[in-house]
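Numbering starts at 1 and runs along the sequence shown. Note that the coordinates shown come from a computational prediction; the quantities given were computed from them, not determined experimentally.
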Amino acid sequence: METLVYNPQGVCSKQFVIEHEDGKIVSIKVLGGCSGNLQGISKLLVGMPIKEVINRLEGIRCGMRSTSCPDQISKALKTI
C-alpha cells in the first residue's frame with residue numbers, strides 16, 4: 001500500500017492523506033474543510049478505481065471558486 005500526502009489549493013481543506021493499492025482507493029483522510037461532506041465522500045470512494053474517481057470528481061466547482069475539494073482530490077490522484 002502507498003500513501004499520498006497532498007496539500008490542496010484554493011479550498012478550505014488543508015491536506016489530503018490518500019492510501020491506495022493496486023490502482024484503487026483504500027482510504028482518504030482530509031484535514032480541514034466541510035467535515036461531514038468530506039467524510040461521506042471519502043467513504044464512498046473506498047474501493048473505487050483511481051481513474052474512475054478522477055473522471056467523476058474532476059471539474060467540480062464550489063460556489064464561485066474554480067475548484068472544490070472533490071476537484072482537488074482528482075488533482076491529487078493525477079500525481080500518482
Side-chain angles (χ1 to χ4, degrees):
M1 181 166 25
E2 294 184 47
T3 301
L4 168 67
V5 177
Y6 184 84
N7 297 317
Q9 303 293 312
V11 295
C12 300
S13 297
K14 303 296 180 210
Q15 188 175 72
F16 303 143
V17 179
I18 303 170
E19 293 181 330
H20 59 95
E21 186 172 49
D22 298 326
K24 293 185 178 182
I25 303 294
V26 174
S27 73
I28 299 179
K29 293 180 179 68
V30 181
L31 176 64
C34 303
S35 180
N37 289 333
L38 290 166
Q39 286 180 56
I41 290 169
S42 297
K43 287 186 181 247
L44 290 171
L45 298 180
V46 170
M48 191 177 285
I50 290 171
K51 289 181 181 182
E52 185 173 347
V53 173
I54 292 169
N55 289 337
R56 288 180 181 218
L57 301 183
E58 187 174 33
I60 293 175
R61 297 172 54 132
C62 182
M64 298 301 290
R65 295 178 183 175
S66 62
T67 191
S68 66
C69 290
D71 182 57
Q72 289 294 303
I73 290 171
S74 77
K75 290 184 184 323
L77 293 172
K78 284 182 171 184
T79 69
I80 294 175

* All pairs passing salt bridge (charged side-chain N to carboxylate O under 4.0 Å, His left out) where residues 61-75 contributes a residue, at least two apart -> D71-K75

* Structure fact -> Correct closest heavy-atom pair for S13 and G32 would be OG-O, 3.7 Å

* Asked: Which pairs count as salt bridge (charged side-chain N to carboxylate O under 4.0 Å, His left out) when at least one residue sits in residues 9-23, sequence neighbours excluded?
  -> none

* Structure fact -> Residues at least two apart in sequence or cross-chain that pass salt bridge (charged side-chain N to carboxylate O under 4.0 Å, His left out) with E52, listed by chain then number, are R56

* Asked: Which ILVMFWY residues are connected to L57, directly or by a chain of links, through side-chain heavy atoms under 4.5 Å apart?
  -> L4, Y6, F16, I18, I25, I28, V30, L38, I41, L45, M48, I50, V53, I54, I60, I73, L77, I80

* To do: Could you list who else is in V26's hydrophobic cluster, with ILVMFWY side chains joined at under 4.5 Å, directly or through other members?
  => M1

* Asked: Taking only residues two or more places apart in sequence or in another chain, which ones pass side-chain contact (heavy atoms from CB on, under 4.5 Å) with K43?
  -> none

* Can any side-chain N or O of Q72 pair as donor or acceptor with the backbone N or O of Q9 at less than 3.5 Å? -> yes

* K78: what forms a salt bridge (charged side-chain N to carboxylate O under 4.0 Å, His left out) with it, not counting sequence neighbours? -> E58

* Structure fact -> Quick note, side chain to side chain donor-acceptor pair (under 3.5 Å) partners involving residues 30-41, not counting sequence neighbours, are S35-Q39

